[in-house]
Amino acid sequence: MDKVFSKDHTNLVKGIATCFLLWHHLFLADNGIFSEITIILAQLGKVCVTLFLILSRYGLSESFKKNQSGVKDFYKRHLIKLYTTYWTIWVIFVPIGVIFWGRSFTYVYGSNIYLKLLINIGGLQHFFGFEGYNATWWFMSLIIMLYLMFPFLYRLSKKYPLATVGMGILVIMISDSIMGAYNFITIYSIYSISFVIGIISSQKELFLRIANYRVHNKYIKLIVYMFALMSIILIRMYNTVLYRTQIDTFLAYIIILISIEYISNIKYLNKFLILIGVHSFNIFLIHTFIYGYYFADFIYSFKIPALIFMMLLLACLLVSVLTEKFKSMLRMVWYSILNNKNRNVT
C-alpha cells in the first residue's frame, strides 16, 4: 500500500529535528567533560535548522496550494500564528529572567535598550547584529525573512524549478567569498536552498514519489539510504571547501525519507516523536531559558549525556503543555469579552 505524507509524518520529523536541536545546544561546547562522540553528534545536530526549514516551507506550500486567497491573507494568517506563539513565550519567560535571575534589559542589551527591546519583540534582532534576550531566537529573524520571500519563491519555483534550485546552489557556493564574515546575509544565503527544496518537494510531491518508489528487495532501498547518509555525514565532517551547514540540505532530505519510510513504522517511538513535533516550536523558543539561563546547574547535574538530554526534553514538553493550556485560557477569556461586547451592542 502506498504511503501518504501526512501531518503525522511532518510532526514526526519535526520531533526528530527537535531532538537534534536539544542535543546540539547541550553538548556543542567541547569543555573536556563529554566524550568525542557526544561532541560529534552535537555538531551533526545543526541539521535541525535545515530540517525545520524544509518541513515548514513544505507545509506553507501545501497550505498555499489549498487556499490561494492572496498574498495579503497569507501574510496575515501565518504571521499572526507565528507571533502569537512567540509573544506568549516572551511574556512568560522574559519577566521571569528580569525579576528572578538578574537578566535585566540593561544587562542583556547594554546600550540603546528601548530600541533593541522593540526590535527584539519583533523578532528582527539578527538583522541588526545583536542576539537579543534569547540567543537562539536568531532563527526568528530567518523565519520572518523567508516568510516574506515565500510568495515570490513559490511562483519562481513553480515556473522554473531547476533554475531556482541551481540559483540556490550557486548562492551557497559564492556566498562566503562575496560576503566574507558569517553574518546574517551569509546565513540566509546558505539556508535559502532548504527553503526552495521544501517548496518544490510540495509542488512535485517528491516525498511521496520517492517513498512509494518500489524496488525488488525492500532492504536495498534502506542500504542505499544508509550509504547516502553516512557518505554525506563524512563529507560534512571532513571537507574543507564548504561549511557544514552548506550541505545540510542533502543530509536533511535523507533523514526525512528514512523517517517517512522506516521510523514511522516503529509503533511507540513514532507516537513519542509526533508528540515532540507538535510542541516543536514551543520547545525551540523555551529550551535555552531552561538549560542555559535559568536551570543550567540542575540540567547538567545528571552528568550522563543521555540523562541530561532526556531531562531537558521532558522539562520542555511539560512547560510547552502548560503554555498551551495558558494560551487556551487566554483565548477563552478573549472570546468571552468579545461575546459580552456583542451582547451589549445588540
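FYI, side chains are in, hydrogens and waters are out, and symmetry mates aren't considered; it's all heavy atoms of this structure.
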In Å and rounded to the nearest 0.5 Å, what is the [atom1] to [atom2] distance from [X] to [Y]?
{"X": "Ile260", "Y": "Leu208", "atom1": "CD1", "atom2": "CG", "result": "7.5 Å"}
{"X": "Leu53", "Y": "Leu146", "atom1": "CG", "atom2": "CG", "result": "6.0 Å"}
{"X": "Thr136", "Y": "Ile286", "atom1": "OG1", "atom2": "CD1", "result": "10.5 Å"}
{"X": "Lys204", "Y": "Lys158", "atom1": "NZ", "atom2": "NZ", "result": "9.0 Å"}
{"X": "Met230", "Y": "Leu234", "atom1": "CE", "atom2": "CG", "result": "5.5 Å"}
{"X": "Phe250", "Y": "Arg236", "atom1": "CZ", "atom2": "CZ", "result": "13.0 Å"}

How close do [X] and [Y] get, heavy atom to heavy atom, and via which atoms?
{"X": "Leu273", "Y": "Cys19", "value": "CD2-SG, 4.3 Å"}
{"X": "Asp8", "Y": "Ile274", "value": "O-CG1, 3.6 Å"}
{"X": "Leu55", "Y": "Ile256", "value": "CD2-CD1, 4.3 Å"}
{"X": "Ser157", "Y": "Val196", "value": "OG-CG1, 3.9 Å"}
{"X": "Ser61", "Y": "Gln203", "value": "OG-CG, 4.1 Å"}
{"X": "Ala135", "Y": "Glu131", "value": "CB-OE1, 3.6 Å"}

Side chain to side chain contact (heavy atoms under 4.5 Å, CB included) evaluation trace for Leu51 with Leu21: CA-CA 10 Å; Leu51 283 167; Leu21 169 71; over 6 Å; no
With a 3.5 Å distance limit and no angle check, can you tell me whether [X] reaches the backbone of [Y] through a side-chain donor-acceptor pair?
{"X": "Ser201", "Y": "Ile197", "value": "yes"}
{"X": "Gln125", "Y": "Asn134", "value": "no"}
{"X": "Thr84", "Y": "Ile80", "value": "yes"}
{"X": "Asn270", "Y": "Ser264", "value": "yes"}
{"X": "Ser104", "Y": "Val98", "value": "no"}
{"X": "Tyr86", "Y": "Leu285", "value": "no"}
{"X": "Ser56", "Y": "Phe52", "value": "yes"}
{"X": "Lys14", "Y": "Phe281", "value": "no"}

Can [Y] be reached from [X] by stepping across I, L, V, M, F, W or Y side chains whose heavy atoms are under 4.5 Å apart?
{"X": "Val321", "Y": "Tyr291", "value": "no"}
{"X": "Phe152", "Y": "Val165", "value": "yes"}
{"X": "Met310", "Y": "Tyr300", "value": "yes"}
{"X": "Leu307", "Y": "Ile290", "value": "yes"}
{"X": "Val91", "Y": "Leu82", "value": "no"}

Check against ring pair (Phe, Tyr, Trp, His ring centres under 6.0 Å), Trp90 and Tyr83: CA-CA 10 Å; Trp90 179 281; Tyr83 275 115; over 10 Å; no
Ring geometry between Phe298 and Phe302 (parallel below 30°, tilted from 30 to 60°, perpendicular above 60°):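 Rings of Phe302 and Phe298: perpendicular, as their planes differ by over 60°.
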Whether His25 and His287 hold their rings parallel, tilted or perpendicular, with breakpoints at 30° and 60°: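 Plane angle under 30°, so parallel.
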Side-chain touch [X]/[Y], heavy atoms, less than 4.5 angstrom:
{"X": "Met311", "Y": "Ile308", "answer": "no"}
{"X": "Ile96", "Y": "Phe289", "answer": "no"}
{"X": "His126", "Y": "Leu142", "answer": "no"}
{"X": "Leu153", "Y": "Arg57", "answer": "no"}
{"X": "Ser194", "Y": "Asp248", "answer": "no"}
{"X": "Tyr262", "Y": "Lys221", "answer": "yes"}
{"X": "Lys46", "Y": "Leu28", "answer": "no"}
{"X": "Leu41", "Y": "Phe27", "answer": "no"}

Over 12 foreign heavy atoms within 6.0 Å of OH, Tyr75: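 Atom OH in Tyr75 is packed in, count exceeds 12.
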Verdict with supporting geometry, Val94 and Arg103, side chain to side chain contact (heavy atoms under 4.5 Å, CB included): CA-CA 8 Å; Val94 172; Arg103 286 181 56 81; over 6 Å; no
For Phe207, all residues meeting ring-ring contact (aromatic ring centres under 6.0 Å, His included), sequence neighbours excluded: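 Residues passing ring-ring contact (aromatic ring centres under 6.0 Å, His included) with Phe207: Phe5, Tyr58, Tyr253.
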Selection residues 109-118 - residue pairs positive for side chain to side chain donor-acceptor pair (under 3.5 Å), sequence neighbours left out: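 Qualifying pairs, neighbours excluded: Tyr109-Asn120.
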Derivation and outcome, side chain to side chain contact (heavy atoms under 4.5 Å, CB included), residues Met237 and Gln43: CA-CA 9 Å; Met237 289 173 61; Gln43 292 170 347; 5.8 Å; no
Residue pairs fulfilling ring-ring contact (aromatic ring centres under 6.0 Å, His included) with at least one residue in residues 303-333, sequence neighbours excluded: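 Checked against ring-ring contact (aromatic ring centres under 6.0 Å, His included) - neighbours excluded - the pairs reaching residues 303-333 are Trp23-Phe309.
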Trace of the ring pair (Phe, Tyr, Trp, His ring centres under 6.0 Å) decision for Phe93 with Trp101: CA-CA 11 Å; Phe93 281 89; Trp101 265 270; over 10 Å; no
Thr50 vs Tyr191, side chain to side chain contact (heavy atoms under 4.5 Å, CB included): CA-CA, chis, key distance, verdict: CA-CA 7 Å; Thr50 306; Tyr191 286 122; 3.5 Å; yes
